[in-house]
Amino acid sequence: GSPRTGSLSLISTYYYKFRYIFILPLRRQVASPSPFSCPFCIHSPHCSHKILSCWCPVRATSLLRGVQLFATPVDCSRSGSSIHRILQARILEWDVLGGILITAVLIVLTYPAWTLIDRLDSASPLLPVCVLVVPFLLCYNYPVSDYYSPTRADTTTILAAGAGVTIGFWINHFFQLVSEPTESLPVVQNIPPLTTELLAVGLAKFTVGIVLILLVRQLVQKLSLQVLYSWFKVVTRNKEARRRLEIEVPYKFVTYTSVGICATTFVPMLHRFLGLL
């Protein structure tokens, strides 16, 4: 593929690291209730009206309505709903606009170094250490809340998956598991027709990949929890123990880092072994 793909992937990963570590906790603090009465305004006993604001379409401009529409799938996800409790427009507007601005700034500032980043991403033996240590420390020092919220676990899942994917690409290049293109890829003039054979191969690749990833996830999750329970002398049947910082972050991070590595390294190897590539 393009030599810029690795840089864009790395920039995207670190943008989401910055967003989920800083932007999401910050917007919980800056949110304030709407000064206008609104029948859609909902109060939560856990939030003291600090992170909830009313959805009032009358006050939204055309631009902000578009931003709200763009942000709705994000806020309906588990990460968004666990932070906001309900869909709220005013905070999402600034979150999306701030994310776009951060992405633009990162692209402009890092563009001259994209070639160097690609070289380090594929050849530096220190990359896996940095990719593992930095996200893990960020997750372990996630802002503490007065009550339990799954946002820390969701953040750990996202950063761990990004770290695993990055390490997987590094393994492919460092150990030369993928062949470098000898010439530029041809421009696709026509989309190939969807034949029965092509559909069967695609479904087979999808099924093989999903099954392998699920097996790795279950195996690594079970093993990591057993090790952590034994290390901290926790009863295995205690479901609440998973929410403890010293257990939740390590087992989530190890599990989804393994998933990322599996998806980018072992799944293609299995596809090649089975003749699906």
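In this text the structure is predicted, and so the values were computed from the model without any measurement.
For the atom pair CD1 (Ile167) and OG1 (Thr264), the distance works out to 9.0 Å, reported to the nearest 0.5 Å. Annotation: the span from Tyr142 atom OH to Glu248 atom CD amounts to 11.0 Å, rounded to 0.5 Å. Atom OG of Ser149 is separated from atom CG of Asp154 by 7.5 Å, given to the nearest 0.5 angstrom. Asp118 CG to His173 NE2: the interatomic distance, rounded to the nearest 0.5 Å, is 8.5 Å. Between the CZ atom of Arg242 and the CG atom of Leu225 there is a distance of 5.0 Å, given to the nearest 0.5 Å. Here the CD-CD1 distance, from Gln176 to Ile171, works out to 14.0 Å after rounding to the nearest 0.5 Å.
Sorted by first and then second residue, the ring-ring contact (aromatic ring centres under 6.0 Å, His included) pairs with a member in residues 210-243 form an empty list; sequence neighbours excluded. Judged as a ring-ring contact (aromatic ring centres under 6.0 Å, His included), not a single pair has a partner in residues 257-277 (not counting sequence neighbours).
Residues Ser258 and Val254 approach most closely at OG-O, 2.8 Å, considering heavy atoms. Between Pro250 and Leu228, the shortest heavy-atom contact is CB-CD1, 3.9 Å. Gly209 and Val267 get closest at one heavy-atom pair: CA-CG1, 3.8 Å. Nearest heavy-atom pair, Pro268 versus Ala263, reported as atom, atom and distance to 0.1 Å: CD-O, 3.6 Å. Closest approach of Cys139 to Leu159, counting heavy atoms only: SG-CD1, 3.5 Å. Pairing each heavy atom of Thr156 with each of Lys252, the nearest pair is CG2-CB, 3.7 Å.
With sequence neighbours excluded, no residue forms a side chain to side chain contact (heavy atoms under 4.5 Å, CB included) with Ser230. Residues passing the ring pair (Phe, Tyr, Trp, His ring centres under 6.0 Å) test with Phe174, sequence neighbours excluded: Trp170. Remark: Val235 engages Arg237, Asn238 in a side chain to side chain contact (heavy atoms under 4.5 Å, CB included) (not counting sequence neighbours). Partners of Glu246 under the side chain to side chain donor-acceptor pair (under 3.5 Å) rule, at least two apart in sequence or in another chain, are Arg244. Residues satisfying the side chain to side chain donor-acceptor pair (under 3.5 Å) test with Gln221, not counting sequence neighbours, are none. Checked against ring pair (Phe, Tyr, Trp, His ring centres under 6.0 Å), Tyr251 has no partners two or more places apart in sequence or in another chain.
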Pairs under 3.5 angstrom only: tabulate donor-acceptor contacts from the side chains of residues 130-138 to other protein residues two or more places apart or in another chain.
none

Side-chain polar contacts of residues 212-220 - donor-acceptor pairs under 3.5 angstrom, sequence neighbours left out - could you list them?
residue, atom, partner, partner atom, Å
Arg217, NE, Tyr256, OH, 3.1
Arg217, NH2, Tyr256, OH, 3.3

Taking distance alone, no hydrogens or angles, what donor-acceptor pairs closer than 3.5 Å link side-chain atoms of residues 198-208 to residues at least two apart or in another chain?
residue, atom, partner, partner atom, Å
Thr207, OG1, Leu203, O, 2.8

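The other residues sharing a hydrophobic cluster with Leu109 are Leu101, Val105, where clustering joins ILVMFWY side chains under 4.5 Å apart.
Cluster annotation: Ile247 is not connected to Val144 through the hydrophobic network of ILVMFWY side chains, with a link wherever side-chain heavy atoms come within less than 4.5 Å. When the side chains of ILVMFWY residues are joined at heavy-atom separations under 4.5 Å, either directly or via intervening members, Leu127 and Leu177 end up in a single hydrophobic cluster. Following chains of ILVMFWY side-chain contacts shorter than 4.5 Å, one can reach Met269 starting from Leu276, so the two form part of one hydrophobic cluster.
Of the possible polar contacts, none joining the Asn172 side chain to the Thr265 backbone as a donor-acceptor pair under 3.5 Å is found.
Under the 6.0 Å distance and 45° angle rule, Arg243 counts as a cation-pi partner of Tyr148.
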